[in-house]
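So the structure is just underneath, and the comments pick up after that.
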Amino acid sequence: MPADRNVKIVTRNFGIPNSNRIDVALQRGAYARVQTAFHMAPAAIVEEVKKSNLRGRGGAGFPTGIKWGFVPKGAQTVYLVCNADESEPGTCKDRELMYWDPHLLIEGMIISSYALGCRHAYIYIRGEMMREAAVLQEALREAYQRGYLGREVQTLSGPFRLDITLHRGAGAYICGEETSLLNSLEGKRGWPRMKPPFPAVRGLFGQPTIVNNVETLMNIPAIIEKGGQWFAELGMGRSGGTRILCMSGHLVRPGVYELPMGITLREVIYDVCGGVPGGKRVKAVIPGGTSMPPLDGDELDVPMEFDALMNDPRIKPVEVRPGEVFELAPGKPLRTMAGSGGVVVMDEDTDIVAVCARIMRFYAHESCGQCTPCREGTGWLARVCTRLAEGKGRPGDTDLCASIAHGIAGNTICPLGDAAAWPMLGFITKYRAEFLARERGAPHRAGPVANTAGLPNAPLLLSPGGA
Amino acid sequence: MPLSFSPEAQRKIAETRRQYPNAQAACLPVLHIAQDEFGYLSDEALELVAQTLNLPTAHVFGVATFYTMYHRKPVGRHVLMMCTNVSCMLRGAYDTLRCLEERLGIRAGQTTPDGEFTLVEEECLAACADAPAMVCGQRYFLHLTPDRVDEALQECRSLPPTHGRRRS
């Protein structure tokens, strides 16, 4: 059954003038679902979310209802934290969502807080997003003024009152990782915590805490309005609802699109985004933010759904070295993942080694420094990859990169180490010949400057904020 | 004269404190307030934050140096954050960055001698579909190709300072 590309759940206010002001939002149905929710038992809401097959939209794709179910019964203080620290390269949906429809986010947080028994929720917004922070702060002010926040209301399970605080980050990719985010929210450096205990059991200020992504929370009102089953049927397999894809790179019409869960990459690139400029071939696609291994031009017929991207046999598994598959668990090869929905398309002229070097520099810059394999390893990857890209490679550098990446993967507290290692191994698996050619100092064949964009002549570490 | 917070900043700090169950959690927001107040975070500013929240100076120091947006040295009135991550790179962000460096006469990471601009090579700004992207305070410059750099810099000059008012 071809899914309807016109179903819009979270982006329906995109492009509407003043959609982020409460009067316009109310006219368009904002906060209507709060009353429906207040007439339901909290446990019934959690059940409905479980039934919906809503999966976390921040990157991991964990089922939201199941996560909510981990909060211990009878917990006195529970926190809900909205993860608005969007910074996975290639991902640009949450920023747009918060700008166009902050009241849908607040509505989703009110319903979720009621379901979870949370009385004080936080929105952790990325520090660089000053404009969106101002928009959200104003939306919160309006919601307080109209009594949706900060006022006690009667519900099926007794009196309920919610406060929401907007908390700005200060520049650290790692804070998108939920335990790092909690440490940052507690006023510390953003160092990830060991799990278990998971935040749902022991999170913010030592209390049970649910951390959900912006897009995830914005789907909750529709689930309450139309039911979990409706939401599940919209999706594909074990993934309910629609899916936002952030389409960037070499495309005729890049953009942020809310699409059916099962749409294939080929359909998105050619039907939705108008194909590649100049009719060029697709050489590589990063399917879910730079942490994910790339797909090559022959792997475009896979649905952009969580399980398909992990398991579809048409995607070549990532290798540690030629012929040796990298396994996440015995018998479970790493192919790629849906991640955060950040899709980066590269045309046939793209210098893959330069792109890979830029990605490695990013992870080296953002490693928090807590675990040695990641702190040292990402720096090595950035240096070796950069010298390859600059045509100063040495014999064996390709295998050196793969060996370093393999040494990082799975050996760190948080997934940032994997986030560097997986694409490194993935790029080598699929474009090995290009890496080997650069060991011999072969230049990337000439293409338009914008496509090959030379690496900066700046030192390895990106300029720190304090200049 | 030792640094002190203005009455307006003190009001904001008190309001911030009420949002959290302990003083430490107010550390990031109060550092933002201090940076808006003093333009950057000098040792004295960090000590003042520590005193205000009754936290060890070492803790505040550790936090301030962990996050890239806290400036430990004076920065320009306008901080230009130019993204060069993959999506922007593929659409020519390094050409734009070089053009910015040329026009401003500084390298990324430096401040112009007149104190007007600090140029930062920034990581992904979540504007990938409109690459290359640059942010100055609340203003996004999208599709910023070299031919549009002069126009963008002109507009930046008229924007309010990136980090609040400058007292020092």
Side-chain angles (χ1 to χ4, degrees), chain A residues 86-95 126-131 134 163 165 167-173 184-190 205 246-250 254-256 286 290 342 344 346 350 354-355 358-359 362 365-366 368 449-451 453-456 458 462-467, chain B residues 19-29 31-32 40-41 53 55 59 62-63 66-73 75-76 79 81 84-95 97 107-111 118-131 135 137-140 162:
Chain A
E86 177 172 68
S87 30
E88 173 74 12
T91 315
C92 49
K93 62 186 178 72
D94 295 341
R95 193 176 65 73
R126 186 172 165 197
E128 286 87 345
M129 296 179 182
M130 293 187 191
R131 181 180 71 161
D163 286 296
T165 297
H167 182 100
R168 282 184 60 213
Y173 166 76
S184 183
L185 192 43
E186 288 181 5
K188 303 171 192 162
R189 280 176 286 186
F205 307 120
C246 319
M247 302 299 297
S248 71
H250 298 140
V256 178
I286 296 169
T290 54
V344 187
M346 294 167 243
T350 306
V355 166
R358 182 62 185 84
I359 294 174
F362 170 71
H365 180 245
E366 299 297 342
C368 81
V449 175
N451 287 5
L455 282 164
L462 300 181
S463 15
Chain B
Q19 306 291 319
Y20 305 93
N22 63 45
Q24 181 180 272
C27 190
L28 268 72
L31 283 169
H32 279 306
Y40 73 104
L41 295 172
L53 294 175
L55 295 170
H59 177 86
V63 170
F66 183 85
Y67 299 92
T68 55
M69 287 183 72
Y70 294 133
H71 301 293
R72 293 280 288 121
K73 290 183 201 157
V75 288
V79 179
M81 302 192 293
T84 61
N85 211 305
V86 179
S87 301
C88 284
M89 169 184 173
L90 291 171
R91 286 189 165 251
Y94 280 111
D95 296 337
L97 183 69
R107 303 296 303 271
Q110 296 177 337
T111 300
T118 294
L119 179 62
V120 179
E121 183 186 353
E122 185 56 59
E123 293 299 2
C124 184
L125 290 166
C128 320
D130 299 295
V135 171
Q138 291 193 29
R139 175 74 164 95
Y140 285 78
T162 307

**Study point:** When B:C88, B:P21, B:G137 are compared by non-hydrogen pairs under 4.5 Å with chain A, the top option
**Key:** B:P21
Review point. Which atom pair, heavy atoms only, marks the closest approach of B:V79 to B:T162?
Key: N-OG1, 2.8 Å
Check your understanding: What residue, out of A:A172, A:A134, A:C368, A:S184, has the most heavy-atom pairs lying under 4.5 Å from chain B?
Key -> A:S184
Exercise for review: Determine whether A:C92 and A:V256 make a side-chain contact, defined as any pair of heavy atoms from C-beta on separated by less than 4.5 Å.
Suggested key: yes
Check your understanding: Any idea which of B:M81, B:R139, B:Q24 has the most non-hydrogen atom pairs under 4.5 angstrom with chain A?
Key -> B:Q24
Point to revise | Atom pair SG/CZ of B:C124 and A:R126 - distance to nearest 0.5 Å | key: 6.5 Å
Review point. Is B:E121 reaching over with its side chain to a backbone N or O of B:T84, donor-acceptor style, under 3.5 angstrom?
Key: no
Exercise for review: Could you check which of A:S87, A:G90, A:C246 has the highest count of heavy-atom pairs closer than 4.5 Å to chain B?
Suggested key: A:G90
**Study point:** Side chain / backbone / both / neither for A:T91 at chain B, heavy atoms under 4.5 Å
**Key:** backbone
Practice item. Could you look at A:E366 and say if it's the side chain, the backbone, both or neither that has a heavy atom under 4.5 Å from chain B? Key: side chain
Review point. Is a donor on one side and an acceptor on the other found under 3.5 Å between the side chain of A:R95 and the backbone of B:A126?
Key: yes
Exercise for review: Could you list the residues that satisfy side-chain contact (heavy atoms from CB on, under 4.5 Å) with A:R168, not counting sequence neighbours?
Suggested key: A:I125, A:M130, A:A133, B:H32, B:M69
Practice item. Below 4.5 Å from any heavy atom of chain A, which atoms of B:Y140 appear? Answer side chain, backbone, both or neither. Key: side chain
Exercise for review: Could you tell me which residues satisfy side-chain contact (heavy atoms from CB on, under 4.5 Å) with B:V63, sequence neighbours excluded, listed by chain and number?
Suggested key: B:C27, B:L28, B:L31, B:H59, B:Y67
Check your understanding: Quick one: what part of B:A127 sits under 4.5 Å from any heavy atom of chain A, side chain, backbone, both or neither?
Key -> both
Check your understanding: If you tally heavy-atom pairs under 4.5 Å against chain B, which of A:H167, A:M247, A:M346 wins?
Key -> A:H167
